Amino acid sequence: MAPETTPIHINQDLESTLNETRVFPPPPDFAAHAHIPSLGAYEDLYARSIADPESFWAAAARELHWFQPWSKVLEWNLPHAKWFVDGKLNLSYNCVDRHALGDNADKTAILWEAEPIGPNGQPEVRTLTYAELHQEVQRAANALKALGIKRGDRVAVYMGMTPELAIALLACARIGAIHSVIFGGFAAQAIADRVNDSQCVAILTQDSSYRRGSEIPLKRIVDEALATTPSVKHVVVLKRSGTPVTMHPTRDHWWHDLVSSVEPVCECEHMDAEDPLYILYTSGTTGKPKGLVHTTGGYSVQTYLTTKYVFDLNNPAHPNDVYWCTADIGWVTGHSYVVYGPLQNGATVLMYEGAPNYPAFDRFWEIIDRHQVSIFYTAPTAIRAFIKWGNEHVERHKLTSLRLLGTVGEPINPEAWMWYRDKIGHDNCPIVDTWWQTETGGIMIAPIPGAVPAKPGSATRPFFGIEPDVVTKPDSEGRYESVPLGSGGLLVIRKPWPSMARTIYGDDERFQKTYWSDVPGCYFTGDGARRDADGYYWLMGRVDDVLNVSGHRLGTMEVESALVAHTKVAEAAVVGRPDDLKGQAIVAFVTLEASALRPSSSANSADPASTAPVDLNALKDELKKWVTKEIGSLARPEEIRFTDALPKTRSGKIMRRLLRELATHGSIQGDTTTLEDFAVIAKLRESEEG
Ligand code: PRX
């Protein structure tokens, strides 16, 4: 949504590059064998896909296995789409069985590397062929069935990056249970909120996970959440670290006990194309995360096809590709481009358990050389961190196996793009900057490598069958128009696409209001964009109150709600400040309860000499810890600023633009030990914002 008080912010970095004409054609060696080998081929297929999207997507769908063909490709009642009506399929079948029962049985499906370094100086590495993955998925699926979990039930998954996490998703899909993955960095309250919203009947978790040399006690965090999640009847615990955990005698089960006591064969449910596949929560402009619902058929088709073309996978010229997307499966990138997209394409998928800087700053490059990774997909935030850590960590490694690089999650600054191309890709790999969202399910705008010339900082041109547009902000009558090439506006999608989210779980009204009402007739992305003279898209960040911190999406209201839940906080307003490393950093303006400001007394309160002034810096730390405890460390404010009142317009709206300016350009009072007074400045700005 684009509320009145939220203007479109143009990212200056990107804007300045618009005038630049740096264009990088695909490396000729790459183009020679790519699926789509030339710009002409891209433009021709794009034109045909837009002229007749239904035929285009139907042809893609025919590359997958269907138990029953569809009777109609698309039924569109804005904002509700049904793709591949009456078609029956199973995504677990298309990811696993199709390959295990065919020529790929002995091909490595998952190549997993643990974070800890063993006594021999090497990390643990596990490989699962497609045949082995088939066995594991069937056993896990039967284990879920043995617990009474059935088609349509919601199953929460709160795990670290282990092969069993991918297996968990595939097992749910196999029996038609709807998974709801909760990122392993979320805190107990965030788990409980998500589990309760969709009434999950089970949680799959693990004893603990490894991250940057520490153990994160996942089961203990789940136990805390379970105090307020009455719908959960079963907890399945994977033994990863072996660290002792408390097991409830009837509710909790060890993964290994369950899978060893069930039959090895589990046939796939024949799912309707429109049966829900998963729910994934993402931040919006209110305090409550939205459970986006993705369904089976269209999601399968678009993740399959985008993976094939954008990452040039499933290409007979490159049978030994090793594909690595560094995203956690807890985010949509992990769903679509660690698990479902690449496995449908029969790829070898590398999964790494831990942090990029453990035990040293070159862990990623070591992994690429060790496993001969050829396709590498990561976030701009990670690239900026690599740059900061220094080239020496990269230059120690060959990186000659790489042939394609990708980025996702936030705009990439051209400097980082150039570094990525030069230092990691050795000027030899196309870079695909992929724009999409949890809501879109799959990639929407990205250069087709081998065909579309890249411009550093631009996601370039739309994927086949996708019709984006950049439009003016609608007037009070809902009228708007496309902006001319070279101008900026709101990014919308004009036509339905197969992997679009179908609704918000339990709140279809919010779905319609959030995405389909701001720009009548179109899907509104919440992003601002410009299109240059060549029709290239330049993403310019959110135009609503959603933050993008290190490529993670967070609602300002979510953080504000956590802050005001603290007894000492009266009011809070959270804004994003541009940050060289994280993209945006969280700055929270907080007004305190009067009681919090009263000097504290020692035990002997009768003695006036014992009263100490309130330590505001200590209180800032306390609040940062509080937010971490309530949501998770990804929401921890970078800075907390206390103020005696929040600047508001006459109608009571918080003047966020003013706060953003203050957060970005400094303070009214530089002294952090006293409260800031916005009253005067707020008055001056009122007419501007109101
Ligand atoms: O603002 C855009 C930004 O990330 C938002 C979507 O976040 P999420 O649903 O968490 O999905 C992230 C991974 C797909 C978008 O609204 N975003 C994503 N990719 C890009 C991007 N911004 C600029 N360039 C991108 N390539």
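Atoms within each ligand, like the ligands themselves, are counted from 1 in listed order. Bear in mind the structure is a predicted one, so any value in this text is a computation, not a measurement. Numbers here are sequence positions counted from 1.
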Between E558 and K288 (salt bridge meaning N to carboxylate O under 4.0 Å), is one present in this structure?
no
For ligand 1, which atoms have a heavy atom of V408 less than 4.0 angstrom away?
13 (C), 14 (C)
One finds that the ligand 1 atoms under 4.0 Å from a non-hydrogen atom of R553 are 6 (C), 7 (O), 8 (P), 9 (O), 10 (O)
Output all residues satisfying ring-ring contact (aromatic ring centres under 6.0 Å, His included) with F386, sequence neighbours left out; order by chain, then residue number.
F364, W365, W389
I'd like to check the ring-ring contact (aromatic ring centres under 6.0 Å, His included) partners of Y480; sequence neighbours left out, ordered by chain and number.
none
Under 4.0 Å, heavy-atom basis, I'd like to know which part of Q437 is in contact with ligand 1: side chain, backbone, both or neither.
both
Show me which atoms of ligand 1 lie under 4.0 Å from any heavy atom of D527.
1 (O), 2 (C), 15 (C), 16 (O)
Would you say R212 and N357 are linked by a side-chain donor-acceptor pair, where the criterion is simply a distance under 3.5 Å?
yes
Quick one: which of E410, H335, M444 has a heavy atom closest to atom 20 (C) of ligand 1?
E410
Donor + acceptor pair across side chains of Y278, Y299 (<3.5 Å):
yes
Counting from 1, what ligand 1 atoms have a heavy atom of T333 closer than 4.0 Å?
13 (C), 14 (C)
With a cutoff of 4.0 Å, is G409 in contact with ligand 1, counting heavy atoms of the residue only?
yes
Whether D580 and K388 form a salt bridge (side-chain N of Lys/Arg under 4.0 Å from carboxylate O of Asp/Glu) is what I want to check.
no
Which atoms of ligand 1 have any heavy atom of N548 under 4.0 Å away?
3 (C), 4 (O)
For ligand 1, note which part of P411 has a heavy atom under 4.0 Å away: side chain, backbone, both or neither.
both
If you take the nearest heavy atom of each of T438, V546, T407, T525, which one is closest to atom 9 (O) of ligand 1?
T438
Considering only NZ, NE, NH1 and NH2 on the basic side and carboxylate oxygens on the acidic side, decide whether K473 and D518 come within less than 4.0 Å.
no
Just heavy atoms, cut-off under 4.0 Å: does R542 contact ligand 1 by side chain, backbone, both, or neither?
side chain
Using every non-hydrogen atom in the two residues, find where V470 and S487 come nearest and quote the distance to one decimal.
CG1-O, 4.5 Å
